[in-house]
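Predicted model only: the values in this text are computed from it and were never measured.
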Amino acid sequence: MTSANEKKVAVANSEKYFGCVILQQHFHRAKMSDKKTPYQGKRRVFGEFRCPSCNRMWQSGNSWANAGQKCKTCDIMVYPYKQRPLERKDSDDEDFIDESKPHLQHLCEKCIRLGHSCR
């Protein structure tokens, strides 16, 4: 049989624990809302973009976590709807990344943040 004091201590401890869990969940939710892209790592990835304004679609081997690229047509920031790791491809593959092709830094949010090319 538990005493009244033991019950008070158990309730107080569970409230503290419950409060901590709520705080952790709130923090987790806040972090989740900061995510603008599917990928949340630190490396450059391959991204697929679609402008919500003009429906223009493009792919880029210069896609980063929580960084978008401006649509050439609408000049609005667009975040990738799909991202995957970069893979070495043959030049005849659809997803081939041509490193000799110029990177349009003025359209890249990562470059704008860094103040130089993100490559």
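Every residue two or more places apart in sequence or in another chain was checked for a ring-ring contact (aromatic ring centres under 6.0 Å, His included) with Tyr79, and none qualifies. For Gln105, the side-chain hydrogen bond (donor to acceptor under 3.5 Å, both in side chains) criterion is met by no residue, not counting sequence neighbours.
Note that NE2 of His116 and SG of Cys111 are 8.5 Å apart. Values are rounded to the nearest 0.5 Å. Interatomic distance, CG of Asn66 versus CZ of Arg113, reported as 7.0 Å (0.5 Å rounding). Between Asn62 atom CG and Leu86 atom CG the span is 8.0 Å, to the nearest 0.5 Å. For the atom pair Phe49 CZ and Cys51 SG, the distance stands at 12.0 Å (nearest 0.5 Å). Considering CD1 of Ile76 and OG of Ser53, their distance stands at 5.0 Å, rounded to 0.5 Å. A distance of 9.5 Å separates OG in Ser63 from OH in Tyr39, rounded to the nearest 0.5 Å.
Between the side chains of Asn55 and Arg50, no donor-acceptor pair is found at a separation under 3.5 Å. For the residue pair Gln83/Trp64, the side-chain donor-acceptor check at 3.5 Å is not satisfied.
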**Request:** Could you please spell out the steps behind the side chain to side chain contact (heavy atoms under 4.5 Å, CB included) verdict for Leu104 and Lys72?
**Result:** CA-CA 10 Å; Leu104 304 177; Lys72 288 181 184 177; 3.5 Å; yes
**Request:** With side chain to side chain contact (heavy atoms under 4.5 Å, CB included) as the test, would you mind laying out the steps for Lys35 and Gln40 before giving the verdict?
**Result:** CA-CA 7 Å; Lys35 294 181 182 178; Gln40 291 299 301; 3.5 Å; yes
**Prompt:** Please walk me through it: do Arg119 and Arg44 pass side chain to side chain contact (heavy atoms under 4.5 Å, CB included)?
**Reply:** CA-CA 8 Å; Arg119 279 191 178 172; Arg44 184 171 62 127; 4.2 Å; yes
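Looking at heavy atoms from C-beta onward, Phe46 lies in side-chain contact with Gln59 at the 4.5 angstrom threshold. By the 4.5 Å heavy-atom criterion applied to side chains, His103 and Cys118 are counted as neighbours.
Between Glu109 and Lys70 there is no salt bridge, since no side-chain N of the basic residue sits under 4.0 Å from a carboxylate O of the acidic one.
Of all non-hydrogen atoms in Val45 and Pro85, the two that sit nearest each other are CG1-CA, 4.3 Å. The two residues Cys54 and Thr73 have their closest heavy-atom pair at SG-CB, 4.0 Å. Of all the heavy atoms in Gly68 and Met77, the pair that sits closest is C-SD, 3.3 Å.
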